[in-house]
A.B. asks: 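Encoded as structure tokens, here's the structure I'll be asking about.
Throughout, a chain's letter reflects where its sequence line sits, starting with A, and its residues are numbered from 1.
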There are 2 protein chains.
Amino acid sequence: MATGPLLLPNGYDGTVTDATESATVPASTKRGRGEKSSATIYDIAKLAGVNPSTVSRALSKPGRVSAKTQKIIEDAAEQLNYQVNPFARALPTGRTQTIGLIVADITNPTFFDIIRGAETTAAARDYTLVLAESAESPETEITAARRMMGTVDGLILASPRMDDELIRELASGKPVAVINREVDGVPCVVPDVNKGISEAVRSLAANGHKNVAYVAGPPQSWMSVRRWEGVQAACEWSKLKAVRLESSKPTVDGGRQVARDVMDSGATAVITYNDLLAIGLMQELQAGGMRVPDQISIVGFDDIFGADFTTPPLTTVRSPLGECGSRAALLLLDLLLGQAGPEGTVRVETELVLRGSSGRLLVAN
Amino acid sequence: MATGPLLLPNGYDGTVTDATESATVPASTKRGRGEKSSATIYDIAKLAGVNPSTVSRALSKPGRVSAKTQKIIEDAAEQLNYQVNPFARALPTGRTQTIGLIVADITNPTFFDIIRGAETTAAARDYTLVLAESAESPETEITAARRMMGTVDGLILASPRMDDELIRELASGKPVAVINREVDGVPCVVPDVNKGISEAVRSLAANGHKNVAYVAGPPQSWMSVRRWEGVQAACEWSKLKAVRLESSKPTVDGGRQVARDVMDSGATAVITYNDLLAIGLMQELQAGGMRVPDQISIVGFDDIFGADFTTPPLTTVRSPLGECGSRAALLLLDLLLGQAGPEGTVRVETELVLRGSSGRLLVAN
DNA sequence: TTGTAGGCGTTATCAG
DNA sequence: CTGATAACGCCTACAA
């Protein structure tokens, strides 16, 4: 996978000898602020006794040059420890070997997996990941997106907070993939919440629950409304009553703050927009003397790192976040390589992870 | 902080009129593969009625041009929605607005705070963060490092696994900052473990513990040996016996696997190289019927996200990881701006976070 | 203070 | 199949 030859420090400062002689190190030594510069295609050309443009051809798209010269050039390149200058290459082509990823909140572990998935598959294809966060702010998000658009080959938007229109505008410039949201005309990868939610609600119903509350996420979150719709639908199907509660922010703290509303709602089971909310809610409820799941069942969303650290461990609808990141990167890379993948949106499955925070009601509420 | 003007979609295709007239959009429209290109300094020059080089001066280093023309140019730039082409700028200068960060393991939440810290302070100074991981492998690490070196202005190595020598070699090319390790001649930011460890050991001693075990991290981890030395010293001072146990990997799973050794060691308190190990160890111990902290005390390291989700919540020596990332980025940026900061290594404090997983022994072991 | 001209390292277009 | 040569967009002596 790694293509770069070893970068040996070289201290050669002399002039390059005739092409037929075997020089061993690049002619150029330093530039700018004392930074070692590596050989250019000119050095190689001189050493190999061919024209720079031939070197370029040989090194970029193999096959456009005779096998013989190809080998000579490759040898020379290795000998000189050549490595392309990404900037020089980017100038005429516009292509860098880079994809951007903008996440709504670096603090939120939900995105850890996405970042990891994207970084890993990008690296596997020799692409580099450039990261930025929007801090849940639409404005910051578009600023970051625009800044990035100049530098990357493609962009992944994870749980974007900006308008569909803006996203399409960005997508009209360079390939864009969206995670956790569906935007017409833009490749998306979204977890299909229905399966996981049905499983969760069915499990709740089987345990005798009648009233479930959904704690919503940020209003701009497309995913939050999808999840709420899913909960509604599943509850209707199972003949449960569902109410929606708002949260101030989709964090542990936000979960704590919504505890009172949950109590007041009379629900015996609550499904939250994400695990962070669930964890905070559970902590606050327990601090107030409630027993989970004996008195109230809690189901989170995502299955983030640490969801099983709690006591009881959190029941949650798992979203394959890592896969989302990976798939989005793949989508982008395919687009960049011209192999247009499936045009529509990629759906990945969600599933209920049944742990200790949900179960049968032991006390009438 | 955000500098870019709004990027309005423009459909203007015509020729630019005379300089004194007020054109409203860039002349160039498309290039390459249908990607909208933005205005260049030539467009601005034409519109402002000056020479491109003057535009360059005005836009890069303000003050080298008369106030009047400066304003004209700025206005024109805004009007044309100009944004520099980073590659074109990087070519002559070698400077990109980018810093690289290589972490040992994206999976490990320890690094997320570091990433966040670095990204945040980089973004605040209008730098972009480029991310790569080494997967705990020295080889992958140097490959990634070398690839990055070509593209970034400076590099942050978080918990590097490669040789000191290699690091110095990298550092001789471009600014490099190291986190969680001290390398001679390279700016480093390392948590000073002594304070936190003393507090931890003193607390353990006060609770009557006599034998403490240290569960070590990866052999290549500089931090792991520092922590072990710290534990040894503190234990000696407090007249406790300390033994060192090896772990297979510094993860929750590794923690589970080391549980047996911990039991066999006869220690009543254990300090682990990191929180992940502590959490895994605690889970396994509890699964085996041990009560924490009644029968054994567990102290982690770092205070990662989720450390307080466990039952009992994890006592741990907090490392200000976010600050480390931030400080490292700052170090780099100062270096890049020529304002050489403190040459030596930056030390940040650690402190004991006393939670429920450590305490007095209730049962003779 | 501003304009001129050359170069940064590659790719792409055309001839040969 | 290979060699010239002109971009790519910006920076920077150097000259005016």
Side-chain angles (χ1 to χ4, degrees), chain A residues 19 26-33 35-73 76-77 80-97 150-151 153, chain B residues 19 26-33 35-46 48-73 76-77 80-97 150-151:
Chain A
S28 47
T29 49
K30 289 172 176 258
R31 76 166 162 212
R33 332 200 171 293
E35 147 203 358
K36 290 194 192 85
S37 88
S38 21
T40 74
I41 56 172
Y42 282 86
D43 296 317
I44 298 178
K46 235 177 277 179
L47 178 56
V50 297
N51 191 282
S53 63
T54 306
V55 175
S56 173
R57 271 188 289 262
L59 262 30
S60 44
K61 300 195 176 181
R64 312 233 7 96
V65 91
S66 81
K68 198 171 57 186
T69 33
Q70 176 80 31
K71 175 149 181 44
I72 298 182
I73 290 173
L80 295 181
N81 178 247
Y82 170 78
Q83 31 190 107
V84 297
N85 179 325
F87 307 114
R89 191 200 292 260
L91 202 39
T93 61
R95 241 176 279 103
T96 141
Q97 284 281 95
T151 334
D153 286 349
Chain B
S28 47
T29 49
K30 289 174 176 254
R31 78 164 162 212
R33 333 196 173 296
E35 144 205 0
K36 288 195 192 85
S37 86
S38 24
T40 73
I41 56 171
Y42 284 85
D43 297 316
I44 297 178
K46 235 177 275 177
V50 297
N51 190 281
S53 65
T54 307
V55 176
S56 172
R57 272 188 288 262
L59 262 30
S60 45
K61 299 194 177 183
R64 313 238 358 102
V65 90
S66 82
K68 197 172 56 187
T69 34
Q70 176 81 31
K71 174 148 181 45
I72 298 182
I73 290 173
L80 294 180
N81 179 247
Y82 169 78
Q83 29 191 107
V84 296
N85 178 324
F87 306 113
R89 173 172 291 186
L91 202 39
T93 61
R95 241 177 278 101
T96 141
Q97 283 281 95
T151 335

A.B. asks: Strictly below 4.0 Å: does Ser66(B) bring a side-chain N or O up to OP1 or OP2 of dT2(C)?
C.D. replies: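 True: Ser66(B) side-chain N/O within range (under 4.0 Å) of dT2(C) OP1/OP2.
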A.B. asks: Given dG3(C), dT11(C), dC11(D), which nucleotide is nearest the side-chain atoms of Pro92(A)?
C.D. replies: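 Between dG3(C), dT11(C), dC11(D), the one nearest the side chain of Pro92(A) would be dT11(C).
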A.B. asks: Which listed nucleotide (dT10(C), dA12(C), dG3(D)) is nearest to the side chain of Asn85(A)?
C.D. replies: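 That would be dT10(C).
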A.B. asks: Consider the side chain of Val65(B), meaning its heavy atoms from C-beta on, and name the nucleotide among dG3(D), dT4(C), dT2(C) that approaches it most closely.
C.D. replies: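 Nearest nucleotide to the side chain: dT2(C).
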A.B. asks: I need the CZ-C1' distance between Arg64(A) and dT11(C), as an integer number of Å.
C.D. replies: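 After rounding, the reported distance stands at 13 Å.
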A.B. asks: For Gln70(B) and Ala88(B), find the nucleotide of DNA chain C closest to each by heavy atoms; which residue's nucleotide sits nearer the 5' end?
C.D. replies: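 The residue closer to the strand's 5' end, by nearest nucleotide, is Gln70(B).
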A.B. asks: Take the protein atom CD of Gln97(A) and the nucleotide atom P of dT11(C), then report the distance between them rounded to whole Å.
C.D. replies: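 Between P of dT11(C) and CD of Gln97(A): 11 Å.
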A.B. asks: Nearest to the Ser56(A) side chain among dG9(D), dT11(C), dG3(D), which nucleotide is it?
C.D. replies: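 Of the candidates, dT11(C) comes closest.
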A.B. asks: What nucleotide among dG9(C), dT4(C), dC10(D) has an atom nearest to a side-chain atom of Asn51(B)?
C.D. replies: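 Between dG9(C), dT4(C), dC10(D), the one nearest the side chain of Asn51(B) would be dT4(C).
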A.B. asks: Between dT1(C), dG3(D), dG3(C), which nucleotide gets closest to the side-chain atoms of Thr69(B)?
C.D. replies: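 Shortest atom-to-atom distance from the side chain points to dT1(C).
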A.B. asks: For Ile44(B) and dC11(D), what is the distance between atoms CD1 and C1' respectively, to the nearest whole Å?
C.D. replies: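 So the two atoms are 15 Å apart, to the nearest Å.
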A.B. asks: Taking five pairs at each end of the helix from dT1(C)-dA16(D) to dG16(C)-dC1(D), what angle separates the two helix axes (nearest 10°)?
C.D. replies: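 End axes: 40° apart.
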A.B. asks: Give one of base, sugar-phosphate or nothing for Val84(A), where a contact means two heavy atoms less than 4.0 Å apart.
C.D. replies: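 If one applies the 4.0 Å heavy-atom cut-off, Val84(A) turns out to touch the sugar-phosphate alone, with no base involved.
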A.B. asks: Show the distances under 3.5 angstrom between N or O atoms of the protein and N or O atoms of nucleotides 13-16 of chain C.
C.D. replies:
none

A.B. asks: Within the structure shown, what part of the strands sits under 4.0 Å from Tyr42(A) by heavy-atom distance: base, sugar-phosphate, or nothing?
C.D. replies: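 Base contact.
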A.B. asks: Run the side-chain contact (heavy atoms from CB on, under 4.5 Å) test against Pro86(A) and tell me which residues pass, sequence neighbours left out.
C.D. replies: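 Counting only residues at least two positions away or on another chain, Pro86(A) forms a side-chain contact (heavy atoms from CB on, under 4.5 Å) with Thr151(B).
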A.B. asks: In this structure, how many angstroms lie between the P atom of dT11(C) and the CG atom of Leu91(A), rounded?
C.D. replies: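 One finds 11 Å between P of dT11(C) and CG of Leu91(A), rounded.
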A.B. asks: Kindly write out the residues that satisfy side chain to side chain donor-acceptor pair (under 3.5 Å) with Thr69(A), not counting sequence neighbours, or none if the list is empty.
C.D. replies: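 Partners of Thr69(A) under the side chain to side chain donor-acceptor pair (under 3.5 Å) test: Ser66(A).
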A.B. asks: Tell me the closest heavy-atom pair linking Phe87(B) and Gly150(A), and the distance in Å.
C.D. replies: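 Closest approach of Phe87(B) to Gly150(A): CE1-O, 3.4 Å.
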A.B. asks: Does the side chain of Tyr82(A) get closer than 4.0 angstrom to OP1 or OP2 of dT10(C) through an N or O atom?
C.D. replies: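 Tyr82(A) to dT10(C) OP1/OP2: side-chain N or O found under 4.0 Å.
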A.B. asks: For a quick test of your reading: what N or O donor-acceptor pairs under 3.5 Å do the side chains of residues 56-63 of chain B make, sequence neighbours left out?
C.D. replies:
from	atom 1	to	atom 2	distance (Å)
Arg57(B)	NH2	Ser53(B)	OG	3.4
Ser60(B)	OG	Ser56(B)	O	2.6

A.B. asks: Test: salt bridge (Lys or Arg N to Asp or Glu O under 4.0 Å). Region: residues 62-73 of chain A. Which pairs qualify, not counting sequence neighbours?
C.D. replies: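 Output for this query lists Lys71(A)-Asp75(A).
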A.B. asks: Examine dG9(C): is either OP1 or OP2 under 4.0 Å from a nitrogen or oxygen in the side chain of Arg89(A)? Give yes or no.
C.D. replies: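 No, Arg89(A) has no side-chain N/O under 4.0 Å of OP1/OP2 on dG9(C).
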A.B. asks: Between atom CD1 in Ile41(A) and atom P in dA12(C), what is the gap in whole Å?
C.D. replies: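 The answer, rounded to whole Å, is 12 Å.
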A.B. asks: Does the pair Thr54(B) and Val65(B) meet the rule for a side chain to side chain contact (heavy atoms under 4.5 Å, CB included), with working shown?
C.D. replies: CA-CA 7 Å; Thr54(B) 307; Val65(B) 90; 3.6 Å; yes
